[in-house]
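What follows is a set of notes on a single structure, which appears directly below.
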Amino acid sequence: MDVASREGLLDWYSRYARDLPWRRTRDPYAVWVSEVMAQQTQIATVLPYYERWMERFPSVDALAQADEDTVLALWAGLGYYRRARTFLQAARLVARDGWPASADAWRKLPGVGRYTANAIASICLGEAVPVVDGNVKRVYARFCADDGTGPRFERSCWEWAERVLDRERPGQMNQALMELGARVCTPRQPKCGECPLSRPCAAYALGCPTDFPAPAPKAEVVERHVVFWAHFWGGKWGLRRAEPGEWWAGMWCLPTEVLAQPLAEEFSLGRFNHTVTRHRLRCVVAWKAAHDADLAWFSTEDLKTLGIPTAHGKALAIALRALTDASEHDRMAVGRESTA
DNA sequence: AAACCGGGGCC
DNA sequence: GGCCCAGGTTT
């Protein structure tokens, strides 16, 4: 990329960058929070979680002192819950040992890979290290008309990002490339007319920007029938904390069971589908009247303070509605009796 | 349904 | 270097 193109990109970024809360600061904690939340997650989804998080845990020390339940409760709904637990672990290391002073030092923290380490170091420390995320990959693939796949493509991306990096303003350059990918060089309908890099872009010259990057091979989808057991006893819900190695580790969950075939309709309180990564769960909710001693018991009000993954939240909502409908039905029945 | 998202860890 | 993670949103 020549000097004029690089200036054009940085100029575009200074004009059109989204005003995101973590772009108003160079506080490494704030930037770190945003980067961890944004992993595999769209920025629009992150925003409300980010605001809530910063209010509750305004500093790395505040986070380090928090208990895991509180952290998971604030993360509930963002998915990939391992991120939250790993982040807490890393925050405790930083609170104990102090802030990393380079990208290499950041890279040593759990949950901090090459992308995150370089993003924070370039933005907060001004270190001249490149970043490659999904946006940069797409920008690179089109700019260089590289339809490669796999490790060779990955290497080329990083080499390109390193080569085009503005060594005086690495943070601005890295964010400019990502922002361009997010706002202009979009997957399906790129706005080449608004792109500061259209002139030197190889895919634009070829007239087929959306041919790049090459589509990834599809992973096989695994389908499974799962029953969520709704234990309700004495006005409380019976939940268990998922153990390490289980799905939703650390989160509060209904007991579940994988079935060979769908549960009979007569036992079902409701159904929903839940897709995660390459798994498609066909979910059904059913009452379980037994008082299981291994469960912890929470009132409906208590549920709001727990870290409950989305699928289990859906199941609880179905059970709660069934409960409400049943009591409504009872009141109607009582009403009919009294007027009779 | 599929594609995509400001990836990381693991072997 | 290939696979898994135990998600949500958008088209």
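Source: prediction; values computed, not measured. Numbers restart at 1 for each chain; the letters A, B, ... are given by sequence-line order, proteins then strands.
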Query raised in the report: From B/dC5, C/dG2, B/dA3, pick the nucleotide closest to the side chain of A/R188?
Result: B/dA3

Query raised in the report: Of all residues at least two apart in sequence or in a different chain, which pass the side chain to side chain donor-acceptor pair (under 3.5 Å) check with A/E223?
Result: A/R282

Report task. May I ask you to say what A/T45 touches in the nucleic acid, namely base, sugar-phosphate or nothing, with a heavy-atom cut-off under 4.0 Å? Result -> sugar-phosphate

Query raised in the report: Under 4.0 angstrom, heavy atoms only, what part of the nucleic acid is A/L20 near: base, sugar-phosphate, or nothing?
Result: base

Query raised in the report: For the side chain of A/H279, counting heavy atoms from C-beta on, which of C/dA6, B/dG8, B/dG6 is nearest?
Result: C/dA6

Query - Contact nearer the 5' end of DNA chain B, comparing A/G111 with A/S34 - result: A/S34

Requested in this report: Tell me, with the steps shown, if A/Y81 and A/F87 meet ring pair (Phe, Tyr, Trp, His ring centres under 6.0 Å).
Outcome: CA-CA 10 Å; A/Y81 299 101; A/F87 185 24; over 10 Å; no

**Report entry** Nucleotide of B/dC5, B/dA3, B/dG6 approaching A/Q40 most closely (side-chain heavy atoms)
**Finding:** B/dC5

Report task. Return no unless some side-chain N or O of A/W248 is found under 4.0 Å from OP1 or OP2 of C/dG7. Result -> yes

Requested in this report: Measure the spacing between CZ of A/R271 and NE2 of A/H225 and express it to the nearest 0.5 Å.
Outcome: 9.0 Å

Query raised in the report: Does A/G150 or A/E246 map to a spot on DNA chain C nearer the 5' end, using the closest nucleotide for each?
Result: A/G150

Report summary line: Of the candidates B/dG8, B/dG6, C/dG1, the side chain of A/P151 sits closest to C/dG1

Query raised in the report: Base, sugar-phosphate, or nothing: which does A/R280 touch, judged by heavy atoms less than 4.0 Å apart?
Result: nothing

Report task. Assess the side chains of A/E35 and A/Y115: does a donor N or O sit below 3.5 Å from an acceptor N or O? Result -> yes

Query raised in the report: From the list C/dG7, C/dC5, B/dG6, which nucleotide is the closest neighbour of the side chain of A/R82?
Result: C/dC5

Query - Length of the line joining A/E154:CD and C/dG2:C1', which is rounded to integer Å - result: 12 Å

Query - For atom CG of A/N135 and atom P of B/dA3, their distance in whole Å - result: 18 Å

Query - Closest nucleotide among C/dG7, B/dG9, B/dG6 to the A/R107 side chain - result: B/dG9

Requested in this report: Name the nucleic acid region contacted by A/P215, choosing base, sugar-phosphate or nothing; use a 4.0 angstrom heavy-atom cut-off, strictly under.
Outcome: nothing

Requested in this report: Could you pick out which residue, A/K218 or A/I43, lies toward the 5' side of DNA chain B when each is mapped onto its nearest nucleotide?
Outcome: A/K218

Query raised in the report: Any chance OH of A/Y204 has more than 12 other-residue heavy atoms, nucleotides or ligands included, within less than 6.0 Å?
Result: no

Query raised in the report: When you look at CZ of A/R52, are more than 12 heavy atoms from neighbouring residues, nucleotides or ligands closer to it than 6.0 Å?
Result: yes

Query raised in the report: Among the nucleotides C/dG7, B/dG6, B/dG8, which one has an atom lying closest to any side-chain atom of A/Y80?
Result: C/dG7

Query raised in the report: If you look at every strand shown and take non-hydrogen atoms under 4.0 Å, does A/G181 touch a base, only sugar-phosphate, or nothing?
Result: nothing

Report summary line: Taken to the nearest whole Å, CZ/A/F153 to C1'/B/dG7 is 15 Å

Report task. Starting from C1' on C/dA6, measure out to CG on A/L78 and report it in whole angstrom. Result -> 14 Å

Report summary line: A/L47 CG to B/dG6 P, in whole Å, measures 11 Å

Report task. Measure from CD1 on A/I308 to C1' on C/dA6 and round the result to the nearest Å. Result -> 16 Å

Query raised in the report: Quick one: does NZ or CZ of A/R240 land under 6.0 Å from the six-membered ring centre of A/W252, within 45 degrees of the ring axis?
Result: no

Query raised in the report: Touch check for A/R83, heavy atoms < 4.0 angstrom, all strands: base, sugar-phosphate only, or nothing?
Result: nothing

Query raised in the report: Whole Å only: how far is the CG atom of A/N273 from the P atom of B/dA2?
Result: 14 Å

Requested in this report: May I ask you to say what A/V112 touches in the nucleic acid, namely base, sugar-phosphate or nothing, with a heavy-atom cut-off under 4.0 Å?
Outcome: sugar-phosphate

Requested in this report: Confirm from the modelled atom types if A/Y115 and B/dG7 form a donor-acceptor pair under 3.5 Å, side chain to base only.
Outcome: no

Query - Nearest-nucleotide pick for A/P187, side chain only, options being B/dG6, C/dG7, B/dC5 - result: B/dC5

Query raised in the report: What nucleotide, of C/dG1, C/dC4, B/dG6, holds the atom closest to the side chain of A/R278?
Result: C/dC4

Requested in this report: Report yes or no: is there a donor-acceptor pair, N or O only, under 3.5 Å between the side chain of A/R23 and the base of B/dG6?
Outcome: yes

Query raised in the report: Looking for any heavy atom pair under 4.0 Å, which part of the strands does A/W22 touch: base, sugar-phosphate only, or nothing?
Result: base

